[in-house]
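Presented below is the structure to which this report refers.
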Amino acid sequence: MTETMAGWLAHNSTSIIIWCAALCTFAIYSVLYAENRFFRLFEHIYIGLASGYGVYITWSEILGPKWWIPMIYKGQWYWMFAAVAGSMFYFMYSNRHVWISRIIFGFFMGVTAGGMFRGFYEVYFPQIGSSMKPLAPGGHWGWGTVSAVVFYALMFSAMTYFFFSFEHKHPVVATTAKAGRWFLMIGFGAIFGATVMGRLTLLIGRLNFLINTWAPQAESDTRRIWLALVAVATWPRFLWLRVSLAVLAALLVVLLVIYFRRRQDLKQKATGTQD
Amino acid sequence: MTILTHNQWSAISTRFYKLWVVTIADRHGWQLAVFITGALLVGALAMWMLMSVPTRFRKPIVMAVTFLGGLILALEFLISTDTWHPLTDFLPAYGNVQMVIGSFALLLGLVNLFMIHAEAVNKRTRGWINSFAFFVAFFAIMIAGFVKDYAAAKAVSGSADSIYTVFFEGFLMPLSSTMFSMIAFYIASAAYRAFRIRSTESALMMITASIIMLGLVPAGQYLTSGLPGWLYWLRLENVSYWLLTSPNMAVQRAMAFGIAVGALATGLRIWLSLERGSFFDRQL
Amino acid sequence: MDILIKLQKIDRRVIYALVIVVLMVPLLLQPKGHPKLVTPEVHHAFDVIDSVPKDKMVILSSFWGPSTESENGPQTAALMRHMLMKGIRFGIVSWDQAGSQITYNIGKSLEQELHRRYGVRYGVDWVHFGYKLQNEAALRGIGTDLPTTMEREKEGKLVSTLPVMRGIKDFHNIGAVVEITASGTLEGTMTYTTQPNGLKLLYCPTAVMSVEAYRYLDSGQVKGMLNSAVGAAQYETLIGMSNVTTQASVTTWTLSTAHIFIIVLILLGNLGYFASKKAARRQGGEASND
Amino acid sequence: MGDITPYANSAVYVVEGLLVFFILFKIISARRGRELFIRRIPGLSSLDEAVGRATEMGKPMLFVPGIGGLTVVGLQAMAILQHVVQRAAKFLTRVIVPNIDPIMFTISEEISKEAYTSEGVPEQFDPEDIRFLSSDQFALAAGVVGIMHRERTATVLYFGEFFAESLILAENGQAVGAIQIAGTPSITQVPFFLATCDYTIIGDEYFAVSAYLSRQPTLLGSLVGQDYGKLLMMGVIVVGAILVTLQATLPHLYGLAWLNEHFLKFFPRPPGQ
């Protein structure tokens with residue numbers, strides 16, 4: 001039995017994926033119209049999937065190969081100390097011993113902070129170096145000088161804007177800082193334009209999926225479902241199926257009528273009591 | 001300017017290395033079980049001792065561990081030798097240990113997520129269906145993943161693999177990329193209803209933004225493609241490229257030098273645990 | 001004039017609907033092929049990858065996850081396609097949990113597509129190192145001792161046993177490092193992986209992260225850059241896909257309409273704003289001299 | 001790229017040594033009580049104007065302390081909240097503070113209570129004004145938008161770490177007609193605040209405002225030390241620029257080779273320059 005299921009799943013998984021992905025996209029975009037239960041449900045499914053996937057991938061690609069296998073199969077018993085250190089994180093939840101979690105958090109913050117010396121050298125020494133632009137590149141004064149002067153004017157005025165320990169009273173300093181804030185606007189304009197482009201690209205990616213991947217899939221599936229319906233409705237072979245479907249439909253109609261009738265009575269009783 | 005030559009370093013480290021190999025030789029079978037439980041006991045003992053440390057020693061211990069954690073990376077860079085020294089050889093192993101210990105922190109976020117949703121399900125508060133869906137989704141993809149890897153029967157692991165793929169590509173990927181793409185709608189509505197050009201500053205910013213946005217896409221290039229040859233530098237893509245690589249670069253570098261010194265200051269304050277003062281004492 | 005003032009009060013859902021309609025038009029038309037323009041930093045990126053010798057390997061250091069798949073996905077696919085076609089060995093490591101699965105799927109689908117013509121195979125031409133927790137020492141470990149740092153690849157086999165890793169030990173055997181990211185991780189890669197070992201670094205950011213990278217292109221710390229999907233489309237033009245329609249090319253054409261639409265929205269919004277301010281001043285004026 | 005020495009060289013000891021010395025010296029002297037000067041950021045006066053406007057109109061104010069949660073930046077937002085609430089309590093103007101982090105929620109509650117008691121009107125403090133809305137980014141944004149429209153807030157202040165949801169907040173703040181002042185170190189959100197708010201405090205200015213208001217020694221000393229650090233880097237660049245220009249125009253100048261060997265060589269420049 002599992003072979004047929006595995007075969008069917010493997011065969012149809014791409015169309016199932018496309019339909020589920022479209023369903024999720026519509027569910028999330030429905031919040032644009034109004035907050036609704038459909039969005040709330042899929043948001044929780046998202047958080048659940050992300051966390052569940054996190055546990056699986058962390059075990060299968062880090063804790064498994066780098067901790068469990070060396071410890072159990074290769075005999076490196078000392079890896080158990082890593083588990084003890086890892087357990088210190090969870091003291092965060094005990095109110096008396098919360099400071100023990102601060103030891104392990106402190107360790108990781110210290111490691112990040114410890115890298116600042118190399119960080120400053122590797123990232124900013126070349127930045128300082130390439131900021132030393134010759135005013136006369138190649139020994140002659142011309143367009144190179146203009147671009148170097150523009151570079152220095154902009155950079156130094158923008159830096160002056162961010163000095164806080166002395167007053168910007170002196171007119172030269174005050175105007176440089178003012179100009180600095182104006183030049184900063186060019187930088188923020190670039191970030192603004194780039195952010196708009198980035199966010200639109202993400203939206204275009206989703207719409208492209210709906211239009212060029214899901215729509216053709218939906219079209220071919222509806223055509224297949226339609227053909228199946230026509231077959232069921234007309235072919236003699238499916239007579240018994242037609243009969244049972246008709247009976248089911250009738251039963252459903254009856255149930256619906258009863259349900260709405262009862263809701264009507266309940267509403268009357270409620271409004272009745274209010275008047 | 002070298003403190004120790006390379007062979008002096010290697011002489012010291014080889015002696016330590018021999019001692020190290022003897023203590024941590026691989027154990028197998030029952031010996032392995034003994035050593036693991038031994039390590040667990042030693043760990044538990046250490047935890048117990050930590051719990052009974054008097055409060056006045058707690059802050060110094062946290063400060064010391066924070067400092068030592070950073071010391072290895074700081075010394076690896078600040079100790080200067082002509083060729084190489086053992087601290088650099090030690091880094092890949094140091095990285096592995098950090099990776100493993102860090103991965104144990106994964107369940108941290110999960111603990112309060114589970115607490116919130118379990119409470120919602122038990123008390124049937126409004127919207128408990130969503131919390132129930134959270135648990136279903138959480139265990140469904142996790143179990144599908146593990147069954148996919150560890151199931152014996154080929155057919156079982158095959159169908160688990162398909163289910164896992166449906167969950168990953170059918171639900172997790174579209175949900176997270178759709179959630180993130182919503183911001184484009186907020187930008188569009190803010191563009192019409194909120195982005196106001198009130199001062200020369202915002203005018204300068206908006207003009208730069210428009211030029212750069214048009215310069216990156218074919219429409220912008222088409223708009224100014226009519227310009228004659230010698231005016232090529234006025235073409236939108238060229239103006240946008242100049243804006244990005246000259247004024248924007250200079251201004252970003254000015255801000256970067258501020259961030260560079262700021263990062264050094266923040267790093268120092270964390271490394272030497274200098275964060276003190278009314279609010280910080282309460283939290284850190 | 002008062003139309004503009006009335007237009008100020010449009011409901012935001014009307015604007016949302018407008019965004020969808022405006023973006024659907026170019027997506028339905030599906031313009032063929034790629035735009036012509038290729039910016040210099042994409043050319044430099046192509047030259048760096050194209051010149052990697054046979055005995056060296058390229059490392060793709062991927063920090064992105066599913067939320068920015070539309071921006072980083074095309075970049076990853078374009079680079080992998082170029083290296084698989086040219087027979088350049090590469091290994092990809094993902095520092096993001098879900099990103100590890102996506103980048104693996106991209107690699108596998110490209111391998112199937114190019115297998116017939118170029119005979120590429122997993123473990124021989126390319127390898128996926130799987131998900132690793134991001135930390136400073138591991139980033140440094142890529143340069144100092146790749147097999148120990150990565151240890152096992154995504155399918156669980158030891159990395160040192162794979163043919164693709166033959167002769168690959170440390171930074172001497174790495175031709176280039178490509179960072180594909182959606183967050184501020186460039187400084188870390190520079191500090192620990194590329195600068196100390198003098199490795200060439202290429203940068204594939206999302207658009208919002210690209211702006212701050214121009215100062216690294218100026219200083220030579222970054223050799224080339226693919227700016228979001230637009231950069232990926234330009235790279236695809238360079239590897240001979242200019243008349244094929246891909247997600248990156250469709251995105252670039254659609255962005256044309258989208259950017260003009262956003263700029264028009266800002267202009268209309270401000271016209272309405274100035275109109276309503278002038279009207280308010282006129283009312284104020286009439287009220288004061290009544 | 002010059003010779004690749006993966007370890008520190010003498011220039012590193014000098015430059016980074018000086019930077020570390022400036023920062024630590026200023027922090028320690030600030031903690032020993034020495035008075036350090038921080039100039040008044042222009043944004044602060046527009047902040048006080050905005051608070052004044054709310055008191056004139058008698059409508060409540062909204063202070064959003066960012067969605068970064070419990071971080072150094074979030075805690076500095078509390079210092080700015082203290083300044084705002086003390087001025088608002090003087091004129092009995094309500095300050096509504098929505099929070100994303102339970103610990104930040106308790107701190108903002110204490111700050112508001114202390115402000116009202118120091119003004120001698122503890123009974124005026126309404127605990128309902130300080131709210132923990134949700135730990136989810138967009139749910140918090142939706143909650144804040146609801147408060148804006150219900151309370152018709154006259155002034156909205158954004159201080160702390162912000163991400164993509166800043167757009168929703170600023171757009172609705174403007175729809176309600178409020179004066180909006182923002183301050184955030186997150187460079188990628190500053191453009192959107194610049195486009196929507198009346199005044200925006202940019203990048204490192206955020207730390208200067210919280211240092212100026214809280215007078216917290218570590219923050220003050222660190223900021224002043226960083227100023228010296230930036231001056232040092234500007235000095236190195238200027239000296240380097242002069243040397244590089246001399247190298248290009250007068251290559252045989254006496255002493256130039258020695259200066260290159262002992263100074264320029266340590267700051268790698270791209271080959272073309």
Side-chain angles (χ1 to χ4, degrees), chain A residues 2-3 5-6 9-10 13 17 20-21 24-25 28 40 44-46 48-49 52-53 56 58 62-63 67 75 77 80 82 84-86 89 99-100 102-103 106-107 109-111 113-118 124 151 154-155 158-159 162 183 185-190 192-193 199-200 202-203 206, chain B residues 24 26-28 32 35-36 39 43 50-51 58 62 65-66 69-70 73-74 77 100-101 103-106 108 110 130 133-134 137-138 141-142 145 155 158-159 162 166 169-172 174-175 178 181 183-184 187 201 204-205 208-209 212-213 247-248 250-252 254 258 260 267 270-271:
Chain A
T2 45
E3 281 73 20
M5 190 178 114
L9 263 175
S13 67
I17 286 172
C20 296
C24 294
T25 310
I28 299 295
R40 207 42 72 207
H44 280 77
I45 290 175
Y46 168 46
L49 284 175
Y53 177 82
Y56 161 67
T58 300
I62 294 186
L63 286 179
W67 178 65
W77 54 276
M80 179 47 79
V84 171
F89 286 111
W99 78 282
I100 294 178
R102 235 163 254 142
I103 297 177
F107 171 74
M109 281 165 72
V111 165
M116 65 187 163
F117 299 107
R118 178 180 286 284
Y124 290 104
F151 171 77
L154 267 79
M155 191 171 79
M159 279 182 90
F162 285 113
F183 295 140
M185 291 306 143
I186 297 176
F188 289 124
F192 183 97
R199 302 295 184 224
L200 287 170
L202 298 177
L203 175 58
R206 289 317 301 159
Chain B
I24 57 131
D26 296 354
R27 308 287 172 191
H28 293 288
L32 178 64
F35 269 78
I36 287 182
L50 275 177
M51 283 189 209
R58 291 182 176 179
V62 173
V65 167
T66 310
L73 278 171
F77 173 64
V100 172
I101 298 177
S103 308
F104 281 105
L106 169 84
L108 262 182
L110 292 183
N130 299 328
F134 163 81
F138 178 85
I141 194 165
M142 194 169 75
S159 49
S162 316
V166 166
E169 284 170 37
F171 284 90
L172 183 56
L175 280 172
T178 311
S181 70
I183 300 156
I187 283 185
E201 285 174 5
L204 198 56
M205 187 175 79
T208 319
I212 285 170
M213 276 160 73
N248 167 62
V251 163
Q252 296 288 347
I270 292 172
W271 194 34

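Predicted model only: the values in this text are computed from it and were never measured. Labels below follow one simple rule: chain letters A, B, ... track the order of the sequence lines, proteins then strands, and each chain is numbered from 1.
Taking the side chain as every heavy atom from C-beta outward, A/Phe188 and B/Val251 never approach each other to under 4.5 Å. Two residues are said to be in side-chain contact when any heavy atoms from C-beta on lie closer than 4.5 Å; A/Tyr56 and B/Ile141 fail this criterion. The shortest side-chain heavy-atom distance between B/Phe138 and A/Leu49 does not fall under the 4.5 Å cut-off.
Legend: residues meeting ring-ring contact (aromatic ring centres under 6.0 Å, His included) with A/Phe183, ordered by chain and number and at least two apart, are absent. Applying the ring-ring contact (aromatic ring centres under 6.0 Å, His included) test to A/Phe117 and every residue at least two apart in sequence or in another chain returns B/Trp271.
With a 4.5 angstrom heavy-atom cutoff, B/Leu110 touches chain A only via side-chain atoms. Of the two parts of A/Phe162, only the side chain, counted from C-beta on, holds a non-hydrogen atom closer than 4.5 Å to a non-hydrogen atom of chain B. For A/Ile62, the part sitting under 4.5 Å from any heavy atom of chain B is the side chain, from C-beta outward, and nothing else. Both the backbone and the side chain of A/Arg40 come within less than 4.5 Å of a heavy atom of chain B. Interface remark: A/Leu63 contributes side-chain atoms only to the contact with chain B (heavy atom separation under 4.5 Å). For a residue to count as touching a neighbouring chain, one of its non-hydrogen atoms must lie under 4.5 Å from one of that chain's; by this rule A/Thr58 touches chain B with the side chain only. At a 4.5 Å heavy-atom cutoff, the contact between A/Ile100 and chain B is made by side-chain atoms alone.
A side-chain donor from one of A/Arg206 and A/Thr25 sits under 3.5 Å from a side-chain acceptor of the other.
Your options are B/Ile187, B/Thr66, B/Thr208, and the one with the most heavy-atom pairs under 4.5 Å with chain A is B/Thr66. Note: A/Gly114 leads A/Ser13, A/Gly114, A/Ala85 in heavy-atom pairs under 4.5 Å with chain B.
Of all heavy-atom pairs spanning B/Ala250 and A/Phe151, the tightest one is CB-CD1, 3.7 Å.
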